[in-house]
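Naming convention: chains lettered A, B, ... in sequence-line order (proteins, then strands); numbering from 1 in each chain.
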2 protein chains.
Amino acid sequence: MTVRVLIVEDEPAVRRLLAYNLEAAGFEVAEARDGEEALRQIEELPPDLLILDWMLPGLSGIELCRRLRRRPATAALPVVMLTARVEERDRLRGLDTGADDYVTKPFSPAELVARVRAVLRRARPAMAGEVLTFADLRMDLASRRVFRGNREIPLSRTEFRLLRHLLENPHRVFERAQLLDRVWGLDADVELRTVDATIRRLRRALNAGGEPDLVRTVRGTGYALDLPEPAPEPLSAP
Amino acid sequence: MTVRVLIVEDEPAVRRLLAYNLEAAGFEVAEARDGEEALRQIEELPPDLLILDWMLPGLSGIELCRRLRRRPATAALPVVMLTARVEERDRLRGLDTGADDYVTKPFSPAELVARVRAVLRRARPAMAGEVLTFADLRMDLASRRVFRGNREIPLSRTEFRLLRHLLENPHRVFERAQLLDRVWGLDADVELRTVDATIRRLRRALNAGGEPDLVRTVRGTGYALDLPEPAPEPLSAP
DNA sequence: GCGTTCCGTGACAGGTTCGTGACAGTTACG
DNA sequence: CGTAACTGTCACGAACCTGTCACGGAACGC
């Protein structure tokens, strides 16, 4: 599976330089000109790493980073921040920006790629230890096991990835095409209805003990992970 | 909006230490001495997170946690379990207690607060996603749900899109042709009166509980989302 | 008042969507 | 090499959605 990197940078020259070198290093690259566009793209298809210019028109890089950290789905998303001068870099390090590394412009392509690789190496295992929870569902990413209550649920690879994606974004409705992109991958060539089949297998596995169904069907749209009966009042924000 | 944390702990010293540090970190804190009292408080005003001592007089922490998990209203309530020693913590992790994280006594305040924050990040529904509101109507775009007061309103795809458009432009009157273009789409080939039928279905769904009608009919023109007129004002003074 | 226009209402048929089970090609693994 | 598990498709049926229509009452202009 390829690693997706999203570059958020308003200067076209710098953007192209970054994209060229990262693609040459084997990454899949997406680009955004400002914070708004970045948010939209992350929404659509979350990358594995973000390269973020500190100075952006509109939403600044720091603000974007902080905002991402607040969302569970992107709280652990690795971020490499681009800064113009060394002093800035050191000052940003002091602030709590939430970035994983800082690169000073001008940078050498080799250094940039090296830092991206280092951040990915560091970030991956950190994510691996996590446990995703929803209702009486528990998914341990490290051991790749899923429990409902105290019963273990055997899941195939596809089912596991689908459930993981839903657990990372509970309550949120995904349409079939989104799920295909984000679970099966962009290069997968499968029918939309395949999602239904996998949802069905996932449901059968999850509810094998007669528990209530946690997968909500939204007719005409797609699926979401949700509590069945009582309308879940949207929890108050922190 | 503040985050409420309920501490369930029988030792006053530990309770006060926890309360002090959590309040310093900006949380709103409630306290309970045992499981019974905790249940009462959760009933009264559900907290956003529970800190739970493993050893409690009466109802044990584990039992309380399991019981909460069984009730839909509290099934997703984040729980941080306090244990006395490291061995206990590891043993509890093995059992399926349903807790989201474990902290070993003695703990550092910083670690405790960090773990609470982490659990909240994970447990929170993703996306402070857009929510459209009008009067007692609430539409959550991410989860694709609509509430009137605290009653959920089931809506079909078309009804949902129509209501969304009205909610995005409250008070504004749209003629049928406009609604067809903007809700059904430019390429849709349907009768103007179809709008009436959908408005009717939307009204029936929204007012199923006997609430006042929020959809205003503008004769000869179209429809708008509006508060109903409270009373016709007499023009002449008594 | 009176006729006309406009909208609410209920019913209905055709279409769409989704759950379900079955099946075959593929992969994993002993 | 053979078996079992996994995965993508498909066809079918039931439930649901939706556009349309006819009818009657309400609102409006005169």
Side-chain angles (χ1 to χ4, degrees), chain A residues 1 144 146 152-166 173-208 212-226 228, chain B residues 144 146 153-166 173-208 212-226 228-229 232:
Chain A
M1 183 94 60
R144 209 190 156 282
V146 176
E152 175 160 10
I153 313 248
L155 290 183
S156 77
R157 213 167 58 154
T158 312
E159 292 154 11
F160 185 88
R161 296 223 305 226
L162 175 58
L163 178 59
R164 172 177 180 173
H165 188 73
L166 294 177
V173 177
F174 294 96
E175 33 193 292
R176 278 160 246 268
Q178 285 180 307
L179 290 174
L180 280 187
D181 286 353
R182 301 165 79 152
V183 176
W184 275 257
L186 282 174
D187 48 350
D189 180 31
V190 284
E191 295 289 320
L192 286 176
R193 289 296 310 269
T194 298
V195 175
D196 298 34
T198 308
I199 284 279
R200 158 159 174 68
R201 284 162 183 151
L202 181 59
R203 270 182 173 143
R204 191 149 45 87
L206 292 179
N207 310 335
D213 189 13
L214 297 179
V215 180
R216 173 164 62 104
T217 303
V218 181
R219 181 175 252 268
T221 307
Y223 298 94
L225 194 68
D226 244 318
Chain B
R144 228 200 86 96
V146 176
I153 314 252
L155 290 183
S156 78
R157 193 179 160 73
T158 313
E159 292 154 13
F160 186 88
R161 294 221 298 233
L162 175 57
L163 178 59
R164 172 176 181 175
H165 189 256
L166 294 178
V173 178
F174 293 96
E175 35 190 293
R176 279 161 245 269
Q178 286 179 307
L179 290 174
L180 280 187
D181 285 353
R182 304 172 75 161
V183 176
W184 275 255
L186 285 172
D187 48 349
D189 180 31
V190 283
E191 295 290 321
L192 286 176
R193 289 296 310 272
T194 298
V195 175
D196 298 35
T198 308
I199 283 279
R200 157 158 174 68
R201 285 164 182 148
L202 182 58
R203 271 181 172 143
R204 190 152 45 86
L206 292 180
N207 310 335
D213 189 13
L214 296 179
V215 180
R216 178 164 58 101
T217 303
V218 181
R219 189 182 170 81
T221 309
Y223 299 94
L225 195 67
D226 244 321
E229 289 290 328

Step by step, would you call B/Val183 with B/Phe174 a side chain to side chain contact (heavy atoms under 4.5 Å, CB included)? CA-CA 11 Å; B/Val183 176; B/Phe174 293 96; over 6 Å; no

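- For C/dG21, its base never sits under 3.5 Å from the side chain of A/Arg204 at any donor and acceptor pair.
- Place A/Arg201 and A/Asp196 on DNA chain C by their nearest nucleotides, and A/Asp196 ends up nearer the 5' end.
- Among the atoms of the strands shown, only primed sugar atoms or phosphate atoms (P, OP1, OP2) are found under 4.0 Å from some heavy atom of A/Tyr223.
- Residue A/Asp189 is in sugar-phosphate contact alone, with no base atom involved, counting any heavy-atom pair closer than 4.0 Å across all strands shown.
- Counting only heavy atoms from C-beta on, B/Arg219 has its side chain closest to D/dA27 among D/dA27, C/dA11, D/dG8.
- The residue A/Arg157 sits close only to the backbone: its heavy atoms come under 4.0 Å of sugar-phosphate atoms, none of a base.
- Contact annotation for B/Arg176: backbone-only contact, meaning every heavy-atom pair under 4.0 Å involves sugar-phosphate atoms and none involves a base.
- Checking D/dG19, C/dC23, D/dC10 against the side-chain heavy atoms of B/Trp184 singles out D/dG19 as nearest.
- Within 4.0 Å (heavy atoms only), B/Arg203 reaches sugar-phosphate atoms of the nucleic acid but no base atom.
- At a cut-off of 3.5 angstrom, the base of C/dT9 holds no donor-acceptor pair with the side chain of B/Arg200.
- A donor-acceptor contact under 3.5 Å links the side chain of B/Arg193 to the base of C/dG8.
- Relative to the side chain of A/Thr217, the nucleotides C/dG19, D/dC17, D/dT9 differ in distance, and C/dG19 lies closest.
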Please lay out, stage by stage, how B/Arg204 and B/Arg200 fare under the test side chain to side chain contact (heavy atoms under 4.5 Å, CB included). CA-CA 6 Å; B/Arg204 190 152 45 86; B/Arg200 157 158 174 68; 3.7 Å; yes

